[in-house]
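One structure is given here, and the rest of the page talks about it.
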Amino acid sequence: MAKAKLSDEVKTYIVQALACFDSPSVVAAAVKKEFGVDVSHDPSKKAASGLAPKWKALFGETRKTFLEDTATIAISHRAVRLRALQRMAEKAEIQSNMVLAASLLKQAAEEVGNAYTNRRELTGKDGKDLPVPVSPVTIFQLPDNDRS
């Protein structure tokens, strides 16, 4: 049975999804859902062998953009994560799962308090210098007979 020819729209979708690190099986399922087209993947074949230069260029451009631009990934934003945690905590409370609700509340508090970042404040309030701790200085007094 001959393979059906894929439209450029489907090919573009596949190339971009693979460039964004989606697995071939995930891409095949998404193509089936989105376009109603069955695509198969034979892992014994080299995926890029004989690929047209325009698809290689699209793959490279999409991969580069994907790696450099996390702004387009919703979950990379704190507000999106907090909203999701809010929905989960509300659902946990409705289901009387107080342990999960408490855990989600703690996670939200840590999210707001920057517990999940490598960012650390290296200045004091309003950008001023951090206060330098002053330790008490012990003054030694020499005995009278040692003074010369």
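Bear in mind that the values here come from a model prediction, so they are computed numbers and not experimental data.
Across all their heavy atoms, V31 and V37 have their closest contact at CG1-O, 3.6 Å. Taking all atoms of both residues into account, the shortest heavy-atom contact from H77 to T70 is NE2-O, 4.5 Å. Across all non-hydrogen atoms, the minimal contact from A101 to A89 is CB-O, 4.2 Å. A pairwise comparison of heavy atoms in W55 and V15 identifies O-CG1, 3.6 Å as the closest pair. The shortest heavy-atom contact between K56 and L51 is CE-O, 3.5 Å. When all heavy atoms of K11 and K5 are compared, the closest pair comes out as NZ-NZ, 4.4 Å.
The structure places CG of L104 at 11.0 Å from CD of E90, a figure rounded to the nearest 0.5 Å. In this structure, OH in Y13 is found 12.5 Å from OG in S7, a value given to the nearest 0.5 Å. Between Q107 atom CD and S103 atom OG the span is 6.5 Å, to the nearest 0.5 Å. Taken from CD in E9 to CD in E34, the straight-line distance is 8.0 Å, to the nearest 0.5 Å. Atom CD in Q86 sits 10.5 Å away from atom CE in M88 (nearest 0.5 Å).
When the side chains of ILVMFWY residues are joined at heavy-atom separations under 4.5 Å, either directly or via intervening members, L82 and V80 end up in two distinct hydrophobic clusters. Following chains of ILVMFWY side-chain contacts shorter than 4.5 Å, one can reach L100 starting from L85, so the two form part of one hydrophobic cluster. No chain of hydrophobic side-chain contacts below 4.5 Å, direct or via other Ile, Leu, Val, Met, Phe, Trp or Tyr residues, connects I14 to V26. Hydrophobic clustering, with ILVMFWY side chains joined whenever heavy atoms are under 4.5 angstrom apart, groups L6 together with F35.
No salt bridge links D69 with K64; every basic N to acidic carboxylate O contact stays at or beyond 4.0 Å.
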Take F21 and L67 through the test side chain to side chain contact (heavy atoms under 4.5 Å, CB included) and record every step on the way to the result.
CA-CA 10 Å; F21 298 99; L67 292 174; 3.6 Å; yes
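Looking at heavy atoms from C-beta onward, Q16 lies out of side-chain contact with F66 at the 4.5 angstrom threshold.
When atom types are taken as modelled, the side chain of R81 and the backbone of S76 share a donor-acceptor pair closer than 3.5 angstrom. Remark: the backbone N or O of R78 is not paired with any side-chain donor or acceptor of R83 at under 3.5 angstrom.
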